[in-house]
Undergrad: 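Encoded as structure tokens, here's the structure I'll be asking about.
All chains are named by letter (A, B, ...) in the order of the sequence lines, taking the proteins before the strands, and each is independently numbered beginning at 1.
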Amino acid sequence: MKIATYNVNGIKARLPRLLEWLDETKPDIACLQELKSSDETFPEADIRGAGYGAIWHGQKGFNGVAILARGVDPVEIQKGLDGEPEDDHSRYIEADVMGLRVASIYLPNGNPQPGPKFDYKLRWMKRLQERASAILAEEVPAVLAGDYNVIPTDEDVFSVQAMQDDALMQPESRAAFRTLCYQGWTDAIRTRHPTGQVWTFWDYQMRGWERDAGFRIDHLLLSPQAADRLVDANVDREYRGREKASDHAPTWVTLRD
DNA sequence: ATGGCTTTAAAATAAAGA
């Protein structure tokens, strides 16, 4: 089965591209981020028309996450993360679907750093670590998929110099991501592609796509019970080059049934 | 050295992204 993550950067603006991608690549499960849509304006009928059940956690203007499943309805486990009741950003949704635990994650960007947005990013990562640890304790096949807004290593960015002051690759951001992995989560893309450039994002600015100036920030972390079933992982790069594309490309894993 | 683009919200600009 194929599980994908796709930061759509506005589900209304991206709807033709999203429906086309679902039809052409037929992921069993698709985790979406940056819906930029309230709960009420989520295009449920179009998603159903494409053959997918869905749950979502929307927000007007920005953020927003969803989990789509081919032919079935995901069973919601929770929306949002514990530990900061005043946090009203829609960045996390978790479900049971097709025998897997799946989370769709939109981790805070954190720029500019230092500053309150970076502090919020690090607090959010700590809260994610706590939830991820609880999921591991259940010993179930699980996939934490999403836009982590973390460039894990210098090999995951087109230019270390250009990005050195960015929140995405600060030592604190990387340490928090490593802590998550060291709990027992497997970074699926790096397992299948141990070295080299595997970009998932190209900035709209500075002709990022044309220069192939990208970085790797969309990740699928597998619990041991899911990692044992890992067959392949890759990026649907081609969709970044299409008309009215998101600045992220769909990123996916396949697991043995 | 800096900004260069895109989406949303909302009515002209501003926030947010990364």
Undergrad: So what does A/Asp165 touch, heavy atoms closer than 4.0 Å: a base, only the sugar-phosphate, or nothing?
TA: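 No contact.
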
Undergrad: CZ of A/Arg240 versus P of B/dC5: gap in Å, rounded?
TA: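 Result: 13 Å.
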
Undergrad: In whole Å, what separates the C1' atom of B/dT2 from that of B/dA12?
TA: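 Their C1' atoms lie roughly 24 Å apart.
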
Undergrad: When you compare B/dA10 with B/dT6, how far apart are their P atoms, in angstrom units rounded to a whole number?
TA: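 That atom pair is separated by 22 Å.
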
Undergrad: Please report the distance, rounded to the nearest Å, between CD1 in A/Ile151 and C1' in B/dG17.
TA: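 The answer, rounded to whole Å, is 14 Å.
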
Undergrad: Can you sort out the partners of A/Ser104 under side-chain hydrogen bond (donor to acceptor under 3.5 Å, both in side chains), two or more places apart, ordered by chain and number?
TA: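 So A/Ser104 forms a side-chain hydrogen bond (donor to acceptor under 3.5 Å, both in side chains) with A/Gln33.
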
Undergrad: Base, sugar-phosphate, or nothing: which does A/Tyr106 touch, judged by heavy atoms less than 4.0 Å apart?
TA: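 The answer is sugar-phosphate, as A/Tyr106 gets under 4.0 Å only of primed atoms, P, OP1 or OP2.
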
Undergrad: Between A/Asp218 and A/Thr200, do the side chains contain an N or O donor and an N or O acceptor separated by less than 3.5 Å?
TA: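 Side-chain D/A pair, A/Asp218 to A/Thr200: present.
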
Undergrad: Nearest whole angstrom, please: distance from the P of B/dA16 to the CG of A/Asn7.
TA: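 After rounding, the reported distance stands at 17 Å.
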
Undergrad: Could you pull out all residues at least two apart from A/Asp87 that satisfy side-chain hydrogen bond (donor to acceptor under 3.5 Å, both in side chains)?
TA: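 With neighbours one apart ignored, the set is A/Tyr120, A/Arg127.
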
Undergrad: I'd like to know if the side chain of A/Lys126 and the backbone of A/Ala176 have a donor-acceptor N/O pair within less than 3.5 Å.
TA: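 Judged by distance alone, no pair lies under 3.5 Å.
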
Undergrad: Show every salt bridge (charged side-chain N to carboxylate O under 4.0 Å, His left out) that has at least one partner inside residues 176-201 of chain A, sequence neighbours left out.
TA: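 Salt bridge (charged side-chain N to carboxylate O under 4.0 Å, His left out) check on residues 176-201 of chain A returns A/Asp156-A/Arg190, A/Asp187-A/Arg216, A/Arg192-A/Asp232.
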
Undergrad: With sequence neighbours left out, which residue pairs that include part of residues 23-52 of chain A fulfil the ring-ring contact (aromatic ring centres under 6.0 Å, His included) condition?
TA: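 Listed once each, the pairs are A/Phe42-A/Trp56.
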
Undergrad: For B/dG4 versus B/dA14, give the span between their P atoms, rounded off to a whole number of Å.
TA: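 Rounded to whole Å, the distance is 13 Å.
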
Undergrad: Could you measure between the two P atoms, the one in B/dG3 and the one in B/dA9, and give it in whole Å?
TA: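 About 26 Å, rounded to a whole number of Å.
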
Undergrad: Applying side-chain hydrogen bond (donor to acceptor under 3.5 Å, both in side chains), which residue pairs with at least one partner in residues 64-80 of chain A are found, sequence neighbours left out?
TA: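 Passing the test, one end in residues 64-80 of chain A: A/Arg48-A/Asp73, A/Gln78-A/Arg131.
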
Undergrad: For A/Lys12, enumerate each residue passing the side chain to side chain contact (heavy atoms under 4.5 Å, CB included) test, keeping only those at least two apart in sequence or located in another chain.
TA: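 A/Lys12 satisfies side chain to side chain contact (heavy atoms under 4.5 Å, CB included) with A/Ser37, A/Thr41 once adjacent residues are dropped.
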
Undergrad: Does A/His248 put a side-chain nitrogen or oxygen below 4.0 Å from OP1 or OP2 of B/dG17?
TA: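 Indeed not, no polar side-chain atom of A/His248 lies that close.
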
Undergrad: At a cut-off of 3.5 Å, list every protein nitrogen or oxygen paired with a nitrogen or oxygen from nucleotides 2-4 of chain B, distance to 0.1 Å.
TA:
{"unit_1": "B/dG4", "atom_1": "N7", "unit_2": "A/Gln205", "atom_2": "OE1", "d": "3.4"}

Undergrad: Between P on B/dA18 and CH2 on A/Trp199, what's the gap in Å once rounded to a whole number?
TA: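 In whole Å, B/dA18 P lies 17 Å from A/Trp199 CH2.
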
Undergrad: My understanding is that only residues two or more places apart in sequence, or in another chain, count here; which of them pass side chain to side chain contact (heavy atoms under 4.5 Å, CB included) with A/Thr191?
TA: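 Residues passing side chain to side chain contact (heavy atoms under 4.5 Å, CB included) with A/Thr191: A/Thr186, A/Leu230.
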
Undergrad: Regarding A/Glu24 and A/Tyr239, do their side chains bring together a donor and an acceptor under 3.5 Å, going by distance alone?
TA: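 There is such a pair between these side chains.
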
Undergrad: Quickly work out the A/Lys121 NZ to B/dG17 P distance and round it to whole Å.
TA: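 In whole Å, B/dG17 P and A/Lys121 NZ are 10 Å from each other.
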
Undergrad: Can you check the A/Asp166 CG to B/dA18 P distance for me, whole Å?
TA: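 It works out to 10 Å between those atoms.
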
Undergrad: Can you check the distance between B/dA18 and B/dC5, where both ends of the measurement are the C1' atom (answer in whole Å)?
TA: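 Straight-line distance between the two C1' atoms is 12 Å.
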
Undergrad: Treating primed atoms plus P, OP1 and OP2 as sugar-phosphate and everything else as base, which nucleotides of nucleotides 6-15 of chain B get B, S or - for protein heavy atoms under 4.0 Å?
TA: SBSSS-----

Undergrad: Considering just the side-chain nitrogens and oxygens of A/Tyr120, establish if one lies under 4.0 Å of OP1 or OP2 belonging to B/dA16.
TA: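 Negative; the distance criterion is not met.
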
Undergrad: When the distance from CG of A/Asn63 to P of B/dA18 is rounded to whole Å, what number comes out?
TA: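 Rounding to the nearest Å, CG of A/Asn63 and P of B/dA18 are 9 Å apart.
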
Undergrad: Round to a whole Å and report the spacing from CZ of A/Arg91 to P of B/dA16.
TA: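 Rounded to whole Å, this separation is 11 Å.
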
